[in-house]
Amino acid sequence: EGASYAVVLHEGVLTPMKAGMTGSGVRYVSLEGPPLVWHTKGDAGFLAKEDAGETMIAAGCVAE
């Protein structure tokens, strides 16, 4: 129930993110700072720029 949030650490910067709708897994978008998107499915995920092509920043990431 309610909103789901995540905090992503990338290049020494913590970015708060909020979950949104997706077909499979969870898609988080940044709440502040540069426009980023964090896609997860289970403990795996990837970080991308939130642009037309979702330009990949980091792949093969895992939750800790």
same_hphob_cluster(V26, F46) at 4.5 Å side-chain heavy-atom cutoff: no
Tell me whether V7 is reachable from L9 by hopping between hydrophobic residues (I, L, V, M, F, W, Y) whose side-chain heavy atoms are closer than 4.5 Å. yes
Any idea which heavy atoms bring Y28 and S4 closest together, and the distance? OH-OG, 3.3 Å
Taking all atoms of both residues into account, what is the closest heavy-atom pair of V29 and E50, and its distance? CG1-OE2, 3.5 Å
Would you say P16 and E32 make side-chain contact, with heavy atoms under 4.5 Å? yes
Give me the atom names and distance for the closest heavy-atom approach of L31 to K18. CD2-CB, 3.7 Å
Please give me the minimum heavy-atom distance between T15 and S30, naming the atom from each residue. CG2-CB, 3.7 Å
Distance from E54 atom CD to R27 atom CZ, nearest 0.5 Å? 4.5 Å
Only residue of V37, L14, L47 satisfying side-chain contact (heavy atoms from CB on, under 4.5 Å) with V8 is L47
